[in-house]
Amino acid sequence: MSIFDSFNINSSGMTAQRFRMDIISENIANANTTRTEDGTPYVRKVVTFTEKGNQTPFSRILNERLDHYSGRGVKVTQVQEDTWTQMNVVYDPSHPDADENGYVTYPNVNTVTEMTNLIDASRSYEANATAFQASKSIATRGLSISGMA
């Protein structure tokens, strides 16, 4: 693996985590949105990542060819709506979006879960930034030793 591969892997991780933080922020911002453009409550969104390049499982590559790993980081494969978590239904007959029984359907966004995911994404971003900085330091040090810098 070349030093540039590590730059690519770390930068793709930072890009993916930044995108994930954007989606989480959108979820938090719409936690109380009971009516979107299509007239339905906002539905929480979830980001899915996959390995870039080689689609062979990492463990197999690691075990078979430790020195020849050819992955190039991660990429966002999809942003999907969370259809497995139930919407929050609250009795509030005075709300303009209440149904005939007085119940309002709020988004399936749990602010605590979203904040936990935001912390996770932020820490993952920081880890990639630290690894990128370490790779950069190694490259700079190698150039200074060789007299090229």
Pairwise salt bridge (charged side-chain N to carboxylate O under 4.0 Å, His left out) hits with a residue in residues 86-95, at least two apart: none
Using side-chain hydrogen bond (donor to acceptor under 3.5 Å, both in side chains) as the criterion, list what pairs up with Y125, not counting sequence neighbours. none
I'd like to know if Y91 and V104 are part of one continuous hydrophobic network [Ile/Leu/Val/Met/Phe/Trp/Tyr, side-chain heavy atoms within less than 4.5 Å]. no
First locate atom CG of N108, then atom CG of D82, and finally report the distance between them rounded to the nearest 0.5 Å. 4.5 Å
For residues 97-106, which residue pairs pass the side-chain hydrogen bond (donor to acceptor under 3.5 Å, both in side chains) check, not counting sequence neighbours? T34-D97, R35-D97
What I want to check is whether the side chains of N27 and Y42 have a donor and an acceptor closer together than 3.5 Å. yes
Do I28 and M21 share a hydrophobic cluster (ILVMFWY, side-chain heavy atoms under 4.5 Å, transitive)? yes
Residues that Q80 engages under side-chain hydrogen bond (donor to acceptor under 3.5 Å, both in side chains), provided they are two or more places apart: Q78
dist S11:OG -> N128:CG (nearest 0.5 Å) comes out at 8.5 Å
side-chain hydrogen bond (donor to acceptor under 3.5 Å, both in side chains) against N30, all qualifying residues, sequence neighbours excluded: T33
With sequence neighbours left out, write down each residue that passes side chain to side chain contact (heavy atoms under 4.5 Å, CB included) with A134, or none if nothing qualifies. none
Going by the rule side-chain hydrogen bond (donor to acceptor under 3.5 Å, both in side chains), which residues pair with S137 if we only count those two or more places apart in sequence or in a different chain? none
Interatomic distance, N8 atom CG to S135 atom OG [nearest 0.5 angstrom]: 10.5 Å
Calculate, to the nearest 0.5 Å, the distance between atoms CE and OG belonging to M115 and S122 respectively. 10.0 Å
Residues which pass ring-ring contact (aromatic ring centres under 6.0 Å, His included) with F49, listed by chain and number, not counting sequence neighbours: none
Where V74 and G13 come nearest, the two heavy atoms and their spacing: CG2-CA, 4.0 Å
What residues, two or more places apart in sequence or in another chain, satisfy salt bridge (Lys or Arg N to Asp or Glu O under 4.0 Å) together with E26? K45
Going by salt bridge (charged side-chain N to carboxylate O under 4.0 Å, His left out), name the pairs with one or both residues in residues 102-113, residues two or more places apart or in two chains. none
Which pairs pass salt bridge (charged side-chain N to carboxylate O under 4.0 Å, His left out) with one or both residues in residues 104-133, sequence neighbours excluded? R20-D120, R44-E114
Side chains of D22 and S25, donor plus acceptor under 3.5 Å: no
Listed partners of K136 passing salt bridge (Lys or Arg N to Asp or Glu O under 4.0 Å), at least two apart: none
Could you pull out the closest heavy-atom pair between M87 and P107, with the gap in Å? CE-CA, 3.9 Å
Starting at CG of N10, measure out to CD of Q133 and round the result to the nearest 0.5 Å. 10.5 Å
Out of curiosity, does V76 fall in the hydrophobic cluster containing L118 (side-chain heavy atoms, cut-off under 4.5 Å, transitive links)? no
